[in-house]
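To start, the structure under review is shown below, and the notes come after it.
Convention: sequence-line order gives letters A, B, ...; per-chain numbering from 1.
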There are 2 protein chains.
Amino acid sequence: MDNITIKDIAKALNLSTSTVSRALRDSYEISPETKRMVLEYAERMHYRPNPIALSLKENRSQSIGVMVPEIANNYFSQAINGIEAAAYERGYHVVISQSQESYEREIAEVEHLASRRVDGLLMSLSSHTADVSHLKSLQSRGMPLVFFDRIPSDIETHKVIADNKGGAFEAADHLLETGRRSIAHITSQPGLFITRERLQGYKDALQKHNVPFREELVKYCSYASDEVERNIDALFSLPQPPDAFFTASDRLALPYYAGLKKRGFRIPEDVAFLGYFNLNVSDLLDPPMSVVVQPAFEMGHKAAELLLDLIEAKQKPDAYQTVNLSTKLIIRGSSLGKE
Amino acid sequence: MDNITIKDIAKALNLSTSTVSRALRDSYEISPETKRMVLEYAERMHYRPNPIALSLKENRSQSIGVMVPEIANNYFSQAINGIEAAAYERGYHVVISQSQESYEREIAEVEHLASRRVDGLLMSLSSHTADVSHLKSLQSRGMPLVFFDRIPSDIETHKVIADNKGGAFEAADHLLETGRRSIAHITSQPGLFITRERLQGYKDALQKHNVPFREELVKYCSYASDEVERNIDALFSLPQPPDAFFTASDRLALPYYAGLKKRGFRIPEDVAFLGYFNLNVSDLLDPPMSVVVQPAFEMGHKAAELLLDLIEAKQKPDAYQTVNLSTKLIIRGSSLGKE
DNA sequence: ATCGTTATCGGGAACGTTCCCAATTGGTGG
DNA sequence: CCACCAATTGGGAACGTTCCCGATAACGAT
């Protein structure tokens, strides 16, 4: 990649670099003939401006960092799709990192992205991140920051979420309406904001139906390997075993669906099933799965737009917003009524 | 992000930038006390070297570009996962672009990545790319290039593929062994190397079983919206309609599975079904889907390693390799025998 | 006392670009 | 004929690093 530079053009045409630079940017103070000469030569030699030199001078990279727990997760890959689309529309590049749900790796990678001078950072917390001081420090150093989905509650900036409380409420409400009374709630780490919100929606629905909340029906998952079977066993050893499962994340839906079937439980006869799930296969499953769908693409797109606004704003906005996109409840065979 | 620079340190400690630079790189010609002073001050002020300045000087960016048809596709998101892992291991960042299966956008984005000075490019062709001169030109300008999955046949460089011919042969062979005789082959654009290879594997299996090849059973898809129904209708209007479907890509499996079911065909009683598919839900479908699985993560990982080798090599290797990873055939309910 | 050596540091160019501040023309009005 | 202005161009600093060349001092050897 031995590239031609503005200097080469200047030398070849017996001009100064300033003149060439201005001609290329179509400045009014360059004569038409000179412009023509320069543009023609540049075209012929395949001149491409070096964005790195620009970055050094302007102290920005025209790229945004994206930090997600894992790429190979449907929700996140769809969100990244939205992010990439928004970034593309506005001429930015997307640099991707994953925390692998590890707090330590999140810290290291965020620092790495910052030192690479991304113009802003879009992120979704790892499930093991309780302390966000590394992000606060980043923000205090002036890095524009926008969170989506897995958001912290104690950092002030733009945030994009799906209506967690509302979605969970709708889901639990539906299960209760169809006669279920012992709804197991399988969810992520309790430290996450979305976990608490969804739990609250679940509780609200219980209250509406005068069903007491039972702590033992809630399982917080850390994605260990044997966790699924252990949790299912534990739940069905309860004096009042569950008659429905409500899973709170993409990553939990399939394993528990499969786990229940493997254990011989019939869905929905023995247990109803309803999960947060973003894959377009839910209606092809056996039985078709009832789901809460998050607008993953839109969330990524919106979050990226907010970040780019933040980056391109001359100064800090007077107020940060939290965008709350609504989820969609789709009822299928896995949550058919009891009676 | 007002960052502290080496100059700031030099000024603060009354040293020259050269000395500070050397102290930070732990050069032997700097006295221990000076080193200590510099390191301590740098630490205290959160000094982070500016990689952009480095990039400008060294003419490399410590990042690799990845160009895929679409991110929100399971095969590709898993491959990207592998790429990210390999890049992370060797201290590189990953910049992602998608062609959206568009030839024009592929050209523009590849050029954009190149002008951003990625150190190398990892790519999978768009299905509408027949002419690869834009990539040849890139390569001739010295850009290290590695292809995976959707590879061109007329560019010499490292390539990583799954055993396309072998995988397709196994799949078709299985369908033939279980009594199927009219196997529809739903595949991608005929220009792609993988399309031709898979078709060849399909033909080889037919020949082994002395079943004549019928062109009308092969459908090349361009992912238009009404294409699925149109193709299914056309296939079942044939004098000898298909008794099996063999789909050749992730993106085709689910739509045709759903399309067949929607049209009222029973799987596997009326038609057997077997597809290239990388999602871990295939056994939860109704009926469980028989699949050819590609080692997506490994392919991405291997491709990235080859690219990084290419980047870090002092000179061109004397031979390029094409890595052929084997696929896995998993038989489930959707391809149970006819009789 | 002179010289070479070693240890330690500074000056300044270079990477590719932009932009501020001149410098050089040609022409025009007084 | 000179001052002045507009049009066009050039010079050089700056962005943050690295690295090539020197520069300085101390010191032992001759």
Just call it for Ile52(B): base, sugar-phosphate, or nothing, with non-hydrogen atoms closer than 4.0 Å on any strand. nothing

Take the C1' atoms of the five end pairs on each side of the helix from dA1(C)-dT30(D) to dG30(C)-dC1(D), get both axes, and report the angle to 10 degrees. 80°

Donor/acceptor link under 3.5 angstrom from Arg48(A) side chain onto base of dG16(C): no

Out of dG11(C), dC15(C), dT18(D), which nucleotide sits closest to the side chain of Lys7(A)? dC15(C)

Proximity to the side chain of Leu54(B) - top-ranked nucleotide from dC9(C), dT18(D), dC15(C): dT18(D)

Side chain of Lys57(B): nearest nucleotide among dC15(C), dT8(C), dT9(D)? dC15(C)

Taking atom types as they are modelled, would you say the side chain of Ser18(B) forms a donor-acceptor pair with the base of dG11(C) within the 3.5 Å cutoff? yes

Can you check whether Ser21(B) has a side-chain N or O nearer than 4.0 Å to OP1 or OP2 of dT17(D)? no

Pairwise side-chain contact, Gln321(B) with Lys159(B), heavy-atom cut-off 4.5 Å (strictly under): no

Have a look at Asp8(B) and say if it touches a base, only the backbone sugar-phosphate, or nothing, with a 4.0 Å heavy-atom cut-off. nothing

Select base, sugar-phosphate, or nothing to describe what Ser31(A) touches, counting heavy atoms under 4.0 Å on all strands. sugar-phosphate

May I ask you to establish whether Arg22(A) and Tyr28(A) are in a cation-pi arrangement, using a distance under 6.0 Å from NZ or CZ to the six-membered ring centre and at most 45° from the ring axis? no

Do Arg90(A) and Asp309(A) meet the salt-bridge criterion of a basic N to acidic O distance under 4.0 Å? yes

So which nucleotide from dC9(C), dT17(D), dT9(D) ends up closest to the side chain of Glu29(A)? dT9(D)

Minimum-distance nucleotide to Arg22(B) side chain [options: dC19(D), dC20(D), dG16(D)]: dC20(D)

Is the phosphate of dT6(C) approached by Tyr28(B) (side-chain N or O, under 4.0 Å from OP1 or OP2)? no

With sequence neighbours excluded, residues passing side chain to side chain donor-acceptor pair (under 3.5 Å) with His128(B): none

I want to check one thing: is the phosphate of dT9(D), taken as OP1 and OP2, less than 4.0 Å away from some side-chain N or O of Thr19(A)? no

Just call it for Ser55(A): base, sugar-phosphate, or nothing, with non-hydrogen atoms closer than 4.0 Å on any strand. nothing

What's the closest nucleotide to the side chain of Ala53(B) if the choices are dG16(D), dT8(C), dT18(C)? dG16(D)

